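Since the structure is predicted, the reported quantities are computational estimates derived from the model, not experimental observations.
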2 protein chains.
Amino acid sequence: MTSQFTVHGRLWIEGPDGTIIGHGRVELLEKIDDLGSLSAAAAALGMSYRYAWKLVKLMNEHSDKPLITLSSGGRGGGHAELTATGKDAVATYRLTDREFERFLTEQAEKLPR
Amino acid sequence: MTSQFTVHGRLWIEGPDGTIIGHGRVELLEKIDDLGSLSAAAAALGMSYRYAWKLVKLMNEHSDKPLITLSSGGRGGGHAELTATGKDAVATYRLTDREFERFLTEQAEKLPR
DNA sequence: TATCGATATGCGTGGCGATGCATAACGATG
DNA sequence: CATCGTTATGCATCGCCACGCATATCGATA
């Protein structure tokens, strides 16, 4: 049967240019893609706008091609959008993350008792 | 061939009593088992004795049966030793950790490019 | 051209992991 | 019973992550 133990973990993907994409960043990217707004995405995740903005800046700086485009002013006050690179990154991460979830439950069942 | 991306991760095992055992704690346990001394183990890992002692206390408190026995005074000034439970915990963790390493490299090869 | 909502960014703060210092207690052994 | 090396534990601190406040900027639109 299932073990009394549970196996947990975190994983992240590093690119050759130093990009790091993990759980939190991917969630942010997905929310941005969903809502078209950085402030709304941050709020939806219970994350401060200040910090979300820093993450976006870091990701864009450390990546060869930017993952997110931000524009201020205009209708609605501004806009946030994923680039094709950004969407690719999300998709790639989600793929390996799904495998990871399978791995974790699979390992938990191997544990004693 | 191999991808330009690399997949990294951390994993830990939680017991029903709230025990948490992960990379750092296991390394400490192994060093204790190896050296028979908490202060020596901490030093060998470049970890402060203060913190290593706290970790041991936490692990023992949160586990049903203690993982480490500590004794002060006497020949050599004191002694640290793993219980059978402690050794089991290490062995179990190492087993799933080995699988985890395989998983990570395996996933990295699935990534684009 | 005034408004409005979002982006842009500095500055101070609080929690947490981890360190370092200092001091006490312990107990086998000489 | 003095010594010695380790365990035992308080307290102050440092760095990093993340938050919160405050303010400036931008640009479509009414």
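- Between B:Ser37 and D:dG5 there is no side-chain polar atom (N or O) within less than 4.0 angstrom of OP1 or OP2.
- If you check every strand for non-hydrogen atoms under 4.0 Å, B:Gly46 touches sugar and phosphate atoms only.
- One atom, CG of B:Leu58, and another, C1' of D:dT9, lie 14 Å apart when rounded to the nearest Å.
- Going from atom CZ of B:Arg50 over to atom C1' of D:dT6 covers 15 Å, rounded to whole Å.
- What separates CD1 of B:Ile20 from C1' of C:dG17 is a distance of 14 Å, to the nearest Å.
- When the nucleotides C:dT19, D:dT9, C:dA8 are ranked by their closest atom to the side chain of A:Trp53, C:dA8 comes out on top.
- Taking the six-membered ring where the residue is Trp, A:Phe100 and B:Phe100 present tilted rings, their angle falling between 30° and 60°.
- With rounding to whole Å, A:Tyr49 atom OH is found 17 Å from D:dA22 atom P.
- With hydrogens and angles ignored, the 3.5 Å screen pairs no side-chain donor or acceptor of B:Thr19 with any backbone N or O of B:Gly15.
- Between B:Glu99 and B:Arg102, at least one side-chain nitrogen of the basic residue sits less than 4.0 Å from a carboxylate oxygen of the acidic one, meeting the salt-bridge criterion.
- The side chain of B:Tyr51 lies closest to C:dG17, out of D:dT7, D:dC19, C:dG17.
- Atoms NZ (B:Lys54) and P (D:dT7) sit 17 Å apart, rounded to a whole Å.
- Per the geometry, CE belonging to A:Met47 stands 14 Å off P belonging to C:dT7, to the nearest Å.
- Rounding to the nearest 0.5 Å places CD1 of A:Ile32 at 9.0 Å from CG of A:Leu55.
- Here C:dA6 presents its C1' atom at 13 Å from CG of A:Leu35, a figure rounded to the nearest Å.
- Atom OG of B:Ser63 is separated from atom CD1 of B:Ile20 by 12.0 Å, given to the nearest 0.5 angstrom.
- Contact check for B:Glu81 versus B:Ile68: no side-chain heavy atoms found under the 4.5 Å cut-off.
- Between B:Ser48 and the phosphate of C:dG20, there is no side-chain N or O to OP1/OP2 separation shorter than 4.0 Å.
- Other residues, nucleotides and ligands place no more than 12 heavy atoms under 6.0 Å from the CZ atom of A:Arg10.
- Residues of residues 70-83 of chain B having a heavy atom closer than 4.0 Å to DNA chain C, listed by number: B:Ser72, B:Gly73, B:Gly74, B:Arg75.
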